[in-house]
*Asks:* 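Input: one structure, supplied below.
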2 protein chains.
Amino acid sequence: MSLKLIGRPLAPLVERLARLSSLDDADREKLMALPHTLRTVGPSTHLVRDGDRAEACWLLLSGFAYRYKITGEGARQIVSIHIPGEFVDLQNSLLTVADHSVQTLSEAEVAVVPRQALRDLVLANPAIARALWVDTLIDASIFREWVVNVGRRHSRARVAHLLCELCLRLEAAGLSRGRRYELPMTQEQLADAVGLTSVHVNRVLKQLAEEGLIRRDRRSIIIEDWNRMRDTGDFNERYLHHDPQRLAAP
Amino acid sequence: MSLKLIGRPLAPLVERLARLSSLDDADREKLMALPHTLRTVGPSTHLVRDGDRAEACWLLLSGFAYRYKITGEGARQIVSIHIPGEFVDLQNSLLTVADHSVQTLSEAEVAVVPRQALRDLVLANPAIARALWVDTLIDASIFREWVVNVGRRHSRARVAHLLCELCLRLEAAGLSRGRRYELPMTQEQLADAVGLTSVHVNRVLKQLAEEGLIRRDRRSIIIEDWNRMRDTGDFNERYLHHDPQRLAAP
DNA sequence: CGTCGCATTGATGGAGGTCAAAGAGTGTGG
DNA sequence: CCACACTCTTTGACCTCCATCAATGCGACG
């Protein structure tokens, strides 16, 4: 269902990109004017399915989503979690067939941007092209960190690392209150993000809570002791590249 | 040490990018004319170190390299393996500080491209910008598959998957003879790429060889039975996006 | 011919998986 | 307002895959 939202619906995207790369007012206007359709979708809605032909790019305006793949044995691995303001499949603009699926975690407002519109915008605006490229590079950096997380860290560290990452990303987007944030994920989904089982994630969370590193309140996470979480999660935020990237303008 | 190589040293890059995205003759010429310094470096040479300020991008012209991170506990995770024609750290063009290290596996010829030269080229040439963006998107796709590999596959499948991936990538680059290719990696390095120990990788390789799926000859891998390797590695090449991406020109 | 790095093999242990059941939170319909 | 249904969380018992530790083998190279 299409619906009109107030004002400038794409603002979260523009703010995000402007944090990553310098954009002048004209660039921002052009981004805001990107043709799109707004939709509100429920939790567990598939936005993209593995194997789909790419037709549009989905931009998350509110709510959470995740990308995942299913192995031949039927196991699911979540490869990324997305927060408002992020494109969940920017690759659809240029690659022809989706190599993974995208599903919402919560109810979400999304903007559907036709693939061609994005290509045209990028072709005509080098600064926007650069901003989107930076976005893709940071995405890739996060994937690399996830490879390390599931490949070489113990269960405690994996879970702590993920919780630290989400906390900082939400903070950068202005979506957390202090060290507390909503995390609308089941323990099974958390498990699929860190390559463990839900049973084990449950034990790890329990232990982290008992030791006073975190507190859990329904689907909220409160990081009680950031320093110890950082240590047990072997977390170094450099890979998020949140430091200002705005170098001398093009 | 800088040295002059014959003809058009950047040709492997141009060929690779042209496979990924449409480039006209003018674009190709501009890429070929990218300012750079050629160097020949020995095996185990660090091209980038985690934490370095990005000054240049390294392009592999011959030989192999890999990117890795070290955890707080000192474990290494290899996050990607690179073959000739690939940029090993395109992100250096736009991100300011390296979040991982890059090291050669074998002796290698590399081109060092000043970061600013690449930025300028991209800013002035949308088609080249697009090609490099596609390159980054495919890189990211491979990282995602690696997350799945270390997160959700058993040891046999992990190793088989990696061997399948390298085979196809080398084939696409015209660097394998049939199903045989040189793989200048120790079993410890293989282990760090798939999140296992070298001891276990050794046992897996032995088993794959005993069952007739592969043959090993020094540092060469021969895939004897592609179909069974594909099955045991749960390998689906779609994520490599080797299918022609050349859609209607910009 | 020694030595150095890597591969190979065996023995043992543990982190995390699997299986199964009970508990808790939330929503719904009577 | 309660009963029950459904999903998710929690906990316990047991087991397996892979890590760890420790030798030994072996090929390349000075």
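In what follows, chains are A, B, ... by sequence order, proteins preceding strands, each numbered from 1. Since this is a predicted model, take the numbers as computed values, not measurements.
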*Asks:* Please report the distance, rounded to the nearest Å, between CD in A/Gln189 and C1' in D/dT7.
*Replies:*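 After rounding, the gap between these two atoms is 12 Å.
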*Asks:* Among the nucleotides C/dT8, D/dA19, D/dT9, which one has an atom lying closest to any side-chain atom of A/Thr186?
*Replies:*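 My answer, after comparing the listed nucleotides, is D/dT9.
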*Asks:* Pick the closest DNA chain D nucleotide for A/Glu188 and for B/Arg158 by heavy atoms, then say which residue is nearer the 5' end.
*Replies:*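 Whichever sits nearer the 5' end wins; that is A/Glu188.
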*Asks:* Evaluate the side chain to side chain donor-acceptor pair (under 3.5 Å) criterion for residues B/Ser80 and B/His82: first the C-alpha distance (whole Å), next the side-chain angles of each, then the deciding distance (0.1 Å), finally the verdict.
*Replies:* CA-CA 7 Å; B/Ser80 67; B/His82 291 280; 2.8 Å; yes
*Asks:* Establish, with yes or no, whether the OP1 or OP2 oxygen of C/dA7 is under 4.0 angstrom from a side-chain nitrogen or oxygen of B/Asn202.
*Replies:*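 Checking C/dA7 against B/Asn202, no side-chain N or O comes under 4.0 Å of OP1 or OP2.
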*Asks:* Would you mind reading off the distance between B/Asp192 atom CG and D/dA19 atom P, rounded to a whole angstrom?
*Replies:*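 It is 11 Å, rounded to the nearest whole Å.
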*Asks:* Salt-bridge test for A/Arg203 and A/Glu210: reply yes if a basic N is under 4.0 Å from a carboxylate O, no otherwise.
*Replies:* no
*Asks:* In whole angstrom, what separates A/His154's NE2 from D/dC18's C1'?
*Replies:*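 It is 11 Å, rounded to the nearest whole Å.
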*Asks:* Rounded to whole angstroms, how far apart are CG on A/Leu183 and P on D/dT9?
*Replies:*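 A/Leu183 atom CG is separated from D/dT9 atom P by 10 Å.
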*Asks:* Taking A/Arg153 first and then A/Asp234, would you say they form a salt bridge - that is, a charged N and a carboxylate O separated by under 4.0 Å?
*Replies:* yes
*Asks:* Would you compute the distance between atom CD of A/Glu165 and atom CD of A/Glu237 and round it to the nearest 0.5 angstrom?
*Replies:* 11.5 Å
*Asks:* So, does A/Asp89 use its side chain to make a donor-acceptor pair with the main chain of A/Cys57 at under 3.5 Å?
*Replies:*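 Between the backbone of A/Cys57 and the side chain of A/Asp89 there is no qualifying donor-acceptor contact (under 3.5 Å).
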*Asks:* So, A/Arg158 side chain and A/Val194 main chain: donor-acceptor pair closer than 3.5 Å or not?
*Replies:*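 Indeed, once roles are kept as given, a pair shorter than 3.5 Å links the two residues.
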*Asks:* In whole Å, I'd like the distance from the CZ atom of B/Arg153 to the P atom of C/dG16.
*Replies:*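 These atoms are roughly 21 Å apart.
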*Asks:* Picking from D/dT9, D/dC18, D/dT20, which would you name as closest to the side chain of B/Thr197?
*Replies:*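 The closest nucleotide is D/dT20.
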*Asks:* Whole angstroms only, please: what is the CG-C1' distance between A/Leu190 and D/dT10?
*Replies:* 15 Å
*Asks:* Salt bridge check, B/Asp99 against A/Arg144: does any charged N sit closer than 4.0 Å to a carboxylate O?
*Replies:*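 Looking at A/Arg144 and B/Asp99, the cut-off is met.
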*Asks:* Considering only heavy atoms, which members of residues 204-220 of chain A lie under 4.0 Å from some atom of DNA chain D?
*Replies:*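 Residues of residues 204-220 of chain A under 4.0 Å from DNA chain D: A/Lys206, A/Arg216, A/Arg219.
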*Asks:* At under 4.0 Å, does any side-chain N or O of A/Ser155 touch on OP1 or OP2 of C/dA15?
*Replies:*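 Answer no for this pair, as no side-chain N or O of A/Ser155 is under 4.0 Å from OP1 or OP2.
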*Asks:* Atom CD of A/Gln187 and atom P of C/dG17: how far apart are they, to the nearest Å?
*Replies:*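 After rounding, the gap between these two atoms is 14 Å.
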*Asks:* Would you say the side chain of A/Arg203 and the base of D/dG12 hold a donor-acceptor pair, judged only by whether the two atoms sit under 3.5 Å apart?
*Replies:* yes
*Asks:* Let's see if you can work this out: which of D/dT9, C/dC19, D/dT20 has an atom nearest to the side-chain heavy atoms of B/Val199?
*Replies:*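 Shortest atom-to-atom distance from the side chain points to D/dT20.
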*Asks:* Rounded to whole angstrom units, what separation is found between the CG atom of A/Leu196 and the P atom of C/dG16?
*Replies:*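 Rounding to the nearest Å, CG of A/Leu196 and P of C/dG16 are 7 Å apart.
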